[in-house]
Colleague: 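This is the structure I have questions about; it appears just below.
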2 protein chains.
Amino acid sequence: MRADARKNYDHLLEVGREVIAEQGVDASMREVARRAGVGIGTLYRHFPTREALLETLLRGGFDAVTAAARALETSAASGDALVTWLREMVALTYRHRGVIASMTAAIADPGSALHASCVELRGSGARLLTRAQADGQARTDIDGVDLLALVSALAWLNDQPPFAARVDGLFDVIARAIRS
Amino acid sequence: MRADARKNYDHLLEVGREVIAEQGVDASMREVARRAGVGIGTLYRHFPTREALLETLLRGGFDAVTAAARALETSAASGDALVTWLREMVALTYRHRGVIASMTAAIADPGSALHASCVELRGSGARLLTRAQADGQARTDIDGVDLLALVSALAWLNDQPPFAARVDGLFDVIARAIRS
DNA sequence: ACCTGAACACCGTTCAAGT
DNA sequence: ACCTGAACACCGTTCAAGT
C-alpha cells in the first residue's frame, strides 16, 4: 500500500472508531469520510461496504473476548468463569452502541466479514457453558445458542435508554437463571 | 372528513398494515403511498410523521393487551396470570416485526403518540407482577420496568433470525426466573 | 495506484400548485 | 378541502475522470 493510501486508511479507521463511539454502528459513512477530510470514494476504496469498516473496527474487541474466554476455560470455578464471560460480553457491547445487532446479523449471514469472529465468540461461550453444566453449575436445558441469545438480549437492553439503568439487576436475574 | 379523504385514509391504513406485516416497522412510507396508489403528500396529510401511521396501526393491539390484562387481574392464580400476560406480550410483538423498538422509543419519548398506550401497557403488567409478588408467586427484587424489560428482550430475540427458533425455550427460562 | 466528487437510486418530509 | 409530485436534505454505493 502506498504511503498516502496507508495514511488515509489509518485515519479512516481512527475517525470511524470515533464516530461509531458517538453515534453507534448506524452512523453515516459519509459522515466518517467528511470528518476524515477524504472523498467518499476513498472510504469505499478502502472499505467496500459499511460492514467492512465495521468489521475491521469490531473484530479486535470480539477476538479479545474469545481469547479471554480461552483463559477462563482452565480457571478453577466453572460457574464463575461462565458468569465472567457473560459480564465481558455485556461490557463489549457497552463499548459500541448497537454492536449486538451487527453481531446477530453476522451470525445469520455466512458471507459477513464478521461471521467467523462471531461464531468463534459463540463457541467460546458454549465451551464455558458445557464445562459449567458438567460441574452442575449451570442448567442443562440450554446450549451455546441460547447462551448467546440471553447475553445478546442483555446487550440490547443496554442500548435501550428506558432500560439501560436496569441492566445490572437484570444481569443478575439472567445469570442466576443460567446457574439455576 | 370528506368522503374521498376518508377513503384514502382507510386505504392507507389497510395498505400500511400490509406493508408493515411484510417488512416490519422500518418499512418505507413511500412504499406505502405507492402501493396505496396515492401521492406521498396525501400520506403525509393524513399521517404527519411515520410514527403517526405506526401509532394508529399499533395502538389497537396495545390497548387490547392492556384490556386483557385488566381481566387477568381478577383471575384465580396470580402467578399464572402474570405468565399469561408475558405470553400475550410476546405474541403481540410477534404480529409486527420490530414493534418492540417502537415501544421502547415511545416509552422514552413523552411526545410520542404511542407514549400513553405503552405506559398503560407497562402499568398493566406491573399490577399483575405486584399481585403475584404479594402471593409469593414472583420474585420481589424486580418491578414493572424490569418486567417490561424482560419481555421486550424476549420480543427482540423473536425478531432476530438466529434466535427466533429459541424463543419458546428462552421464554420458559425467563418465566421461571420471574416466578423463581 | 490512488483520490475525487458527480451520479444513481433510495429515504423522510415539506410545500407550492392544482382540483 | 384535499391531492399531487417536484424539491430539499439526507443516505449507501458506483464509477468516470483526474493526479
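Every chain is numbered from 1 and lettered A, B, ... according to where its sequence line falls, protein lines coming before strand lines. Computed from heavy atoms alone, side chains included, the values below leave out hydrogens, waters and symmetry copies.
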Colleague: Can you tell me how far P of C:dT13 sits from CG of B:Leu43, to the nearest Å?
Modeller: 10 Å
Colleague: Nearest whole Å is fine: how far is C:dG12 P from B:Leu53 CG?
Modeller: 11 Å
Colleague: Nearest to the A:Ser28 side chain among D:dT4, D:dG12, C:dT4, which nucleotide is it?
Modeller: D:dG12
Colleague: What integer distance in Å separates B:Arg45:CZ from D:dC2:P?
Modeller: 5 Å
Colleague: Tell me: CE of A:Met1 to P of C:dC2, nearest whole Å?
Modeller: 7 Å
Colleague: Only one of A:Arg35, A:Arg97, A:Arg17 forms a salt bridge (charged side-chain N to carboxylate O under 4.0 Å, His left out) with A:Glu22, so which one is it?
Modeller: A:Arg35
Colleague: If you only use heavy atoms from C-beta on, which nucleotide in C:dC2, D:dC2, D:dC3 is closest to the side chain of B:Arg2?
Modeller: D:dC2
Colleague: For B:His46 and C:dT14, what is the distance between atoms NE2 and C1' respectively, to the nearest whole Å?
Modeller: 16 Å
Colleague: Between B:Asp10 and B:Arg6 (salt bridge meaning N to carboxylate O under 4.0 Å), is one present in this structure?
Modeller: yes
Colleague: Is there a side-chain contact between A:Thr56 and A:Tyr9 in this structure, where contact means two heavy atoms from C-beta onward sitting under 4.5 Å apart?
Modeller: yes
Colleague: Measure the distance from CD on B:Glu31 to P on C:dA9 and round it to the nearest whole Å.
Modeller: 17 Å
Colleague: Please state how far atom CD1 in B:Ile40 lies from atom P in D:dA6, giving the value in whole angstrom units.
Modeller: 13 Å
Colleague: Ignoring backbone atoms, test whether A:Tyr44 places a side-chain nitrogen or oxygen under 4.0 Å from the OP1 or OP2 oxygen of D:dT14.
Modeller: no
Colleague: Describe the nucleic acid contact of A:Ala27 in one word from base, sugar-phosphate, nothing, applying a heavy-atom distance below 4.0 Å.
Modeller: sugar-phosphate
Colleague: Answer whether the closest heavy-atom distance between the side chains of B:Val38 and B:Val15 falls below 4.5 Å.
Modeller: no
Colleague: Going by purine N1 to pyrimidine N3 plus the second Watson-Crick contact, or the G-U wobble pair, all under 3.5 Å, which nucleotide sits opposite C:dC3?
Modeller: none
Colleague: For B:Arg179, is there an ion pair with B:Asp80 - N to carboxylate O distance below 4.0 angstrom?
Modeller: yes
Colleague: Choose from D:dT4, C:dC3, D:dG12 the nucleotide whose nearest atom is closest to any side-chain atom of A:Thr42.
Modeller: C:dC3
Colleague: Taking OP1 and OP2 of C:dG12, is either one under 4.0 Å from a side-chain nitrogen or oxygen of B:Thr49?
Modeller: no
Colleague: With DNA chain C as reference, determine whether A:Asn8 or B:Arg30 sits nearer its 5' end, using the nearest nucleotide of each.
Modeller: A:Asn8
Colleague: For A:Arg6, report the nucleic acid contact type (base, sugar-phosphate, nothing); a contact means any heavy atom under 4.0 Å.
Modeller: nothing
Colleague: Using whole Å, report how far CG of B:Leu54 lies from P of C:dG12.
Modeller: 11 Å
Colleague: Choosing from D:dT13, C:dC3, C:dG12, which nucleotide comes nearest the side chain of A:Ala5?
Modeller: C:dC3
Colleague: Across all strands, who's sitting opposite C:dA17 as a Watson-Crick or G-U wobble pair, both distances under 3.5 Å?
Modeller: none
Colleague: Could you please name the partner base of C:dC11, counting Watson-Crick and G-U wobble pairs only when both distances are under 3.5 Å?
Modeller: none
